[in-house]
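Heavy atoms only: backbone and side chains are in, while hydrogens, waters and symmetry mates are out.
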Amino acid sequence: MDHRPDRAKVFAAHHPFLFALIFFAVSFCLDSVMILLGQKVVAVIFVGIIAVTMQILLAFGVLVGLGWLRKAGFNGPSRWRSLHLLWLPALLALLYIGSAFVTPAASAAVIALATTFSLLTALGEETCYRGVILQALSPYRPLEGAALSGLLFGLAHLNNLLTHLPAPIVLGQVIGGFLLGFGFAACRLRTQTIWPLIIFHALYDLPANITLFDIRSITGVYSALSDISLVTIVIGLVAPGFILACYGLFLLRPRP
C-alpha cells in the first residue's frame, strides 16, 4: 500500500513552514518556466492560461491528496462564518470594477478573454496561497500564518521580472501582494471559506487585464506600462493592499 499522502501529511504537520516553502518553490519555478516560454502577447496569454491551469491542478492535487480541501475553505455554506466581515474586500472589488468604465470600451472578445483569465488566475492563486500554503501554516498562530502566506504571495510576483515589467511595477506588485495576501488570509480564516475571495480577486484583476489584452502589440504593452507613474503604482497596487492589511490586523486581533 502506498503511504506517500500520509507521509506528506506527517511532514507538513511537523515542518509546516518548510512544507509551505517547498510548495511555493515548486509553484514559483513552474510559473517561471511557463513565463519564459511566452514570447509574444498572444503567446503570453495562451501560455499564461496553461500555466495557471497547471497551478490549479497542482494545488488541488495537494489539497485533495492531504485531505485539506474543506479545511482550506472549499466547503459548503453550512461551514461559512461571519460573511458580513467581507464588506471591505467587496467594496474594493466594486471600486476596481468601476475603474474599468473610466477607460475606453473594449471589444466583447477582449472582455471575455480577460474575464476568463482573471477567474483562472484568481482560482489558481487563491488555491495556492489562501488554500495550500495557509492551511499548511495552520499550526502557527493565525497572525503568523496570515503574514507568512502573504509574504510568499508577494514574493511570487518577482517572476514578473521575467516578463520585463518595469522594476517599480514589480516592486509595487510584491509589496501590494504581501499586504493584500495578508488581508485575504485574515478574511479566509475568519469566514472559513475561500469562495468569495476567488471572486474578489478576479474582480481586482479584471480592469488591468482588459486594458492589457486590448493592446495589440508587445511594444504597446511595454510602452503603456513604462508610462505608469509612481503615484499610480502606489494608488493602484499598494494602497488597496495596505487598506486590506490593516483590516486583516483588525480581524485577527486578540479577542476576549
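Counting heavy-atom neighbours within 6.0 Å of Phe242 CZ, excluding the residue itself, gives a total of 12 or less.
Rounded to the nearest 0.5 angstrom, Leu158 CG and Leu165 CG are separated by 11.5 Å. Put simply, CG on Leu197 and OG1 on Thr191 are 6.0 Å apart, with the number rounded to the nearest 0.5 Å. A distance of 13.5 Å separates CG of Leu251 from CZ of Arg188, quoted to the nearest 0.5 Å. In this structure, Leu21 CG and His15 NE2 are separated by 13.0 Å, a value rounded to the nearest 0.5 Å. We find the CD-SG distance between Gln55 and Cys128 to be 5.0 Å, quoted to the nearest 0.5 Å. Note that the CD1 atom of Ile199 and the CG atom of Leu123 stand 9.5 Å from one another [nearest 0.5 Å].
For the residue pair Val238 and Leu179, the shortest heavy atom distance occurs at O-CD1, 4.0 Å. In terms of heavy atoms, Ala186 sits closest to Gly248 at CB-CA, 3.6 Å. Nearest heavy-atom pair across Ser149 and Leu134 is OG-CD1, 3.7 Å. The minimum heavy-atom distance linking Pro240 with Leu92 is given by the pair O-CD1, 4.1 Å. Closest of all the heavy-atom pairs between Ala72 and Leu63 is CB-CD2, 3.8 Å. Here the closest heavy-atom approach between residue Ile56 and residue Gly124 is recorded as CG1-CA, 3.5 Å.
With contacts defined as side-chain heavy-atom distances shorter than 4.5 Å, the pair Pro89/Phe200 qualifies. At least one side-chain heavy atom of Leu30 sits less than 4.5 Å from a side-chain heavy atom of Met54. Taking 4.5 Å as the limit, every side-chain heavy atom of Leu203 sits out of range of all side-chain heavy atoms of Tyr96. No side-chain heavy atom of Leu244 sits under 4.5 Å from any side-chain heavy atom of Phe182. Inter-residue side-chain proximity for Thr193 and Leu83 is flagged as met; some heavy-atom pair is nearer than 4.5 Å. For the pair Ile175 and Val170, the minimum side-chain heavy-atom distance is 4.5 Å or more. Side-chain contact check for Ile97 versus Leu206: some heavy-atom pair is nearer than 4.5 Å. By the 4.5 Å heavy-atom criterion applied to side chains, Phe178 and Leu155 are not counted as neighbours.
The main-chain N or O of Pro207 is found under 3.5 Å from a side-chain atom of Thr211 such that the two form a donor-acceptor pair. Formation of a donor-acceptor pair under 3.5 Å by the Ser82 side chain with backbone atoms of Leu85 is not found in this model. No donor-acceptor pair closer than 3.5 Å links the side chain of Asp205 to the backbone N or O of Ala202. Between the side chain of Arg141 and the backbone N or O of Ser138 there is no donor-acceptor pair closer than 3.5 Å. Side-chain atoms of Ser32 come within 3.5 Å of backbone atoms of Phe28 as a donor-acceptor pair (strictly under, hydrogens ignored). Under the 3.5 Å distance criterion, the side-chain polar atoms of Thr163 are matched with a main-chain donor or acceptor of Asn160. With hydrogens and angles disregarded, no donor-acceptor distance shorter than 3.5 Å links the side chain of Asp31 to the backbone of Ala156. Judged by distance alone, with hydrogens and angles left aside, the side-chain atoms of Glu126 form no donor-acceptor pair with the main-chain N or O of Gly131 at under 3.5 Å. Here the side chain of Thr232 pairs no donor or acceptor atom with the backbone of Ile228 at under 3.5 angstrom. In terms of modelled atom types and a separation under 3.5 Å, the side chain of Arg253 and the main chain of Phe250 share a donor-acceptor contact.
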Derivation of the side chain to side chain contact (heavy atoms under 4.5 Å, CB included) call for Leu152 and Phe23:
CA-CA 10 Å; Leu152 293 177; Phe23 178 84; over 6 Å; no

Kindly indicate, with the supporting measurements, whether the criterion side chain to side chain contact (heavy atoms under 4.5 Å, CB included) is fulfilled by Phe153 and Ile133.
CA-CA 9 Å; Phe153 181 59; Ile133 289 178; over 6 Å; no

Go through Ile49 and Leu113 one step at a time and tell me if the side chain to side chain contact (heavy atoms under 4.5 Å, CB included) criterion holds.
CA-CA 10 Å; Ile49 290 176; Leu113 179 60; 4.3 Å; yes

Residues Arg130, Gln135; criterion side chain to side chain contact (heavy atoms under 4.5 Å, CB included); working and verdict:
CA-CA 7 Å; Arg130 263 66 69 185; Gln135 183 58 37; over 6 Å; no

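Cluster membership check: Leu249 does not share its hydrophobic cluster with Tyr247, using side-chain heavy-atom separations under 4.5 Å among Ile, Leu, Val, Met, Phe, Trp and Tyr. Taking hydrophobic clusters as Ile, Leu, Val, Met, Phe, Trp and Tyr residues chained together by side-chain heavy-atom distances below 4.5 Å, Leu88 shares a cluster with Trp80. Cluster annotation: Val64 and Tyr129 are assigned to the same hydrophobic cluster (Ile/Leu/Val/Met/Phe/Trp/Tyr, side-chain heavy-atom contacts under 4.5 Å, transitive). Cluster membership check: Ile233 shares its hydrophobic cluster with Leu95, using side-chain heavy-atom separations under 4.5 Å among Ile, Leu, Val, Met, Phe, Trp and Tyr. With hydrophobic clusters built from ILVMFWY side chains whose heavy atoms lie under 4.5 angstrom apart, Leu57 does not share a cluster with Val26.
Note on residues 47-76: pairs passing ring pair (Phe, Tyr, Trp, His ring centres under 6.0 Å), not counting sequence neighbours, are Phe19-Trp68, Phe60-Phe74, Phe74-Trp195.
If you look at Tyr204 and Phe184, their ring centroids are closer than 6.0 Å.
With 3.5 Å as the limit, one finds no donor-acceptor pair spanning the side chains of Ser118 and Thr121.
Checked against salt bridge (Lys or Arg N to Asp or Glu O under 4.0 Å), Arg70 has no partners two or more places apart in sequence or in another chain.
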